[in-house]
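Right, one structure below, let's go through it.
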Amino acid sequence: MALIVQKYGGTSVGSVERIQAVAQRVYQTVKTGNSLVVVVSAMGKTTDGLVKIANEISPNPNRREMDMLLSTGEQVTIALVSMALQEIGQPAISMTGAQVGIVTEAEHTRARILHIETNRLSRHINQGKVVVVAGFQGISSLRDMEITTLGRGGSDTSAVALAAALQADFCEIYTDVPGILTTDPRLVPEAQLMDEITCNEMLELASLGAKVLHPRAVEIARNYGVPLVVRSSWTDAAGTWVRSPKNQERSLVNLEIARPVDNVEFDTDQAKVALLRVPDKPGVAARLFGEISRQDVDVDLIIQSIHEGNSNDIAFTVTTPILKRAEAVAAAIAPALRSQSHPKSDEAEVMVEQNIAKVSIAGAGMIGRPGVAAKMFATLAEAEVNIQMISTSEVKVSCVVDATECERAVAALRKAFEIEADKETRGQGRQKETFYTQHSARAKRPASALSAAMPAGLYSTQHSPPPVRGVALDMNQARLAIRQVPDRPGMAARLFGLLAQHNVSVDMIIQSQRCRVIDGIPRRDIAFTVSRIDGESTQKMLTQVAAELGWGEVVLDNAIAKVSIVGAGMVGQPGIAAKMFEALAQHQINIQMIATSEIKISCVVAQEQGVKALQLIHAAFGLAGSEKFIIPA
Ligand code: ADP
Ligand code: ASP
Ligand code: MG
């Protein structure tokens with residue numbers, strides 16, 4: 001007999017008929033000999049409706065009251081689903097987050113789960129009941145009993161956290177699409193279904209805008225090795241499995257906040273090539289990286305920063321042995337770019353830096369937890385290490401530093417994040433991700449037809465996946481740029497410390513390569529993207545401290561879209577970035593910012609070009625199928 005957690009999203013419980021269909025599926029699953037905990041969302045668009053009413057009363061409602069309001073949606077569904085089960089003869093009981101004892105941080109509207117009491121749940125399960133739990137909600141502590149919510153889309157997280165706490169055999173997320181597709185089928189109906197995806201790829205996709213799974217749900221699945229599948233509640237099709245590494249022993253205390261960093265890595269075999277003052281117009285990145293890929297040069301990190309005026313800086317890193325080739329390409333292409341930027345005094349220029357190293361922290365949920373990157377930068381500042389380039393993603397934050405400072409940086413980071421020194425971490429920069437057989441211990445207990453459907457062992461050894469698995473679009477981002485930030489150790493730490501204090505998550509961070517000396521101090525621009533809802537308040541907060549920190553103006557742009565490709569197979573494959581940039585260039589879409597990490601490449605484009613950009617890129621990588629997905633209304 002298996003213990004399964006099933007989660008049903010809003011559309012899956014959007015009507016009486018849908019609730020009855022859910023009850024039938026639950027009943028069938030129990031009949032085949034399984035125990036079940038069912039997590040449900042609010043019906044249909046109930047939560048959106050509640051947010052709208054609140055905003056009609058207050059443009060900026062109190063966050064505690066917001067939680068009180070939004071948590072009601074799920075409470076309606078648990079009662080109705082429980083009734084529907086009882087009606088067909090299945091013993092069931094509904095429970096709110098508080099009744100279960102889902103204890104969270106006291107952080108209203110975005111609380112992380114600390115701990116889940118399992119006693120009451122287990123007692124009911126042992127009595128043969130299906131327990132129907134309200135997703136998305138918890139309580140601040142067993143004493144205070146303040147209702148909290150986990151953030152929009154958080155029911156997925158409730159479900160996976162419950163599966164981890166109960167050591168369930170697996171967790172099924174039922175939704176309105178047949179599983180995880182190469183992109184959002186609402187934007188590209190020809191998107192294709194994947195049988196499986198690695199948790200790191202899914203973490204990136206989810207945090208880059210693919211709302212099919214809440215990123216924190218994937219984070220928990222990864223950390224606790226919870227087998228996770230996304231399926232349609234309309235059909236019996238197998239869905240998509242999210243593959244995690246073999247589960248390590250992890251404490252269930254501080255479930256969502258403990259130990260975000262698993263490893264500190266470094267790579268001294270790196271060199272940086274920067275092109276300064278390239279014209280800000282469509283096709284420039286495509287041309288540069290097209291030529292680079294024709295020369296079979298594999299680039300690692302790429303950044304393109306915005307800059308005052310109408311020119312950009314593009315920088316990339318390569319491994320030292322191919323530096324000469326990369327440099328030659330850049331030098332050959334620079335004059336061609338140069339002739340397009342008019343003021344003669346402001347010409348494109350190639351800059352090469354050989355003595356650099358990349359140091360990284362690896363784990364899960366880095367973007368969602370702004371304090372982690374802030375701690376990395378603060379640690380480097382304290383060790384007096386200057387950061388030359390930053391790359392962030394959900395699974396890794398990397399900094400390019402001077403090679404002579406690498407050892408000091410790594411030692412400081414290991415100490416700060418409590419990573420043992422004997423881990424093999426050297427030169428892991430561009431290693432292919434290993435695919436794991438996930439279900440080792442658990443797969444020996446396949447008690448149902450459903451678990452038999454798990455494609456276990458398919459990737460039991462190293463396996464080469466396609467370079468790009470999915471494309472995601474985030475239309476809810478804003479870009480902030482701080483002008484003329486003094487270039488000295490500690491600046492990134494100050495900035496990200498401030499952002500973390502205000503709980504603002506940052507995705508792309510880019511420092512301009514160009515240094516300008518003003519008042520005797522070398523300065524660079526720093527640009528980054530945040531959720532649009534945080535844009536204005538962050539601009540205000542940073543403007544208040546700008547003068548004191550010696551920064552220039554803080555500029556906000558809300559009209560952006562971020563389009564990203566994700567795939568573990570892009571590691572060590574030249575030409576992936578070039579293909580993405582080329583797809584945009586062909587349609588005259590200007591790239592405003594580029595940031596990459598090992599398994600993703602993101603571009604910022606104008607907001608109105610976001611959807612088109614997604615469609616072009618999806619097609620360019622040949623991800624479209626012949627079948628169109630129709631999403632149930
Ligand atoms: P639920 O209410 O079940 O939680 P959501 O609306 O939160 O459902 O998530 C499902 C939606 O996610 C789909 O309807 C689809 O539009 C969207 N989506 C975005 N990216 C993807 C993707 N890569 N694969 C599948 N669905 C996606
Ligand atoms: N009902 C909540 C929302 O709409 C949580 C969820 O559906 O996951 O955000
Ligand atoms: Mg959802």
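Remember, it's 1-based here, ligands and their atoms both numbered in the order they're listed. Scope of the values below: all heavy atoms of this structure, side chains included, with no hydrogens, waters or symmetry mates.
For ligand 1, none of its N or O atoms has an N or O atom of Thr182 under 3.5 Å away. In terms of polar-atom proximity, defined here as any N/O pair under 3.5 Å, Ser155 does make such a contact with ligand 2. Considering backbone and side-chain N/O atoms, Gly153 comes within less than 3.5 Å of an N/O atom of ligand 2. Below 3.5 Å of separation, one finds an N or O of Gly10 facing an N or O of ligand 1.
Only the side chain of Val177 comes within contact range of ligand 1, with a heavy atom under 4.0 Å; no backbone atom does. When heavy-atom distances to ligand 1 are checked against a 4.0 Å cut-off, Lys7 comes that close only through its side chain, counted from C-beta outward. Using a 4.0 Å cut-off between heavy atoms, Leu205 makes no contact with ligand 1 at all. Looking at Arg186 against ligand 1, only its side chain comes within 4.0 Å, counting heavy atoms.
Of all protein heavy atoms, the one closest to atom 25 (C) of ligand 1 is Gly179 O, 3.4 Å. When only non-hydrogen protein atoms are considered, atom 9 (O) of ligand 1 lies nearest to Lys211 O, 3.5 Å. Given atom 13 (C) of ligand 1, the protein heavy atom at minimum distance is Asp176 OD1, 3.5 Å. Closest to atom 9 (O) of ligand 2, if we only count protein heavy atoms, is Arg152 NE, 2.6 Å. For atom 1 (N) of ligand 2, the closest non-hydrogen atom on the protein side is Glu74 OE2, 2.7 Å. The closest protein non-hydrogen atom to atom 21 (C) of ligand 1 is Asp184 CA, 3.7 Å.
Residue Leu181 has at least one heavy-atom neighbour below 4.0 Å for each of these atoms of ligand 1: 22 (C), 23 (N), 24 (N), 25 (C). Atoms of ligand 2 found under 4.0 Å from any heavy atom of Phe136 (numbered from 1 in listed order, with element): 2 (C), 5 (C). The contact set between ligand 2 and Ser41, taken as ligand atoms under 4.0 Å from a residue heavy atom, comprises 6 (C), 7 (O), 8 (O). Within ligand 2, counting atoms from 1 as listed, the ones closer than 4.0 Å to a heavy atom of Thr47 are 1 (N), 2 (C), 3 (C), 4 (O).
Side-chain atoms of Thr198 and Arg243 include no donor-acceptor pair closer than 3.5 Å. A donor-acceptor pair shorter than 3.5 Å cannot be found between the side chains of Ser391 and Ser597. Side-chain contact of Arg250 with Tyr224: a donor-acceptor pair under 3.5 Å is absent, judged by distance alone. Between the side chains of Thr182 and Gln192, no donor N or O sits under 3.5 Å from an acceptor N or O. Side chains of Gln6 and Arg25: no donor on one and acceptor on the other come within 3.5 Å.
The 12-atom threshold is exceeded at CD of Glu65, counting heavy atoms of other residues, nucleotides or ligands nearer than 6.0 Å.
Side chain of Ser41 to main chain of Ser155: no donor-acceptor pair is present (N/O by atom type, distance under 3.5 Å, no hydrogens or angles). Side chain of Ser233 to backbone of Tyr174: no donor-acceptor contact under 3.5 angstrom is found. For Glu394 (side chain) and Ser207 (main-chain N/O), no donor-acceptor pair under 3.5 Å exists by modelled atom type. Although no hydrogens or angles enter the test, the distance criterion places a donor-acceptor pair under 3.5 Å between the side chain of Thr77 and the main chain of Gly73. A donor-acceptor contact shorter than 3.5 Å links the side chain of Asp67 to the backbone of Thr149.
With rounding to the nearest 0.5 angstrom, the CD atom of Gln90 is 10.5 Å from the CD atom of Gln24. Residue Ile139 holds its CD1 atom at 9.0 Å from CG of Asp144, rounded to the nearest 0.5 Å.
Remark: distances from the non-hydrogen atoms of Gly209 to ligand 1 are all 4.0 Å or more. By the 4.0 Å heavy-atom criterion, Gly73 is excluded from the residues contacting ligand 2. Not a single heavy atom of His214 sits less than 4.0 Å from an atom of ligand 2.
Between Thr240, Val212, Ile631, Thr175, it is Thr175 that holds the heavy atom closest to atom 1 (P) of ligand 1.
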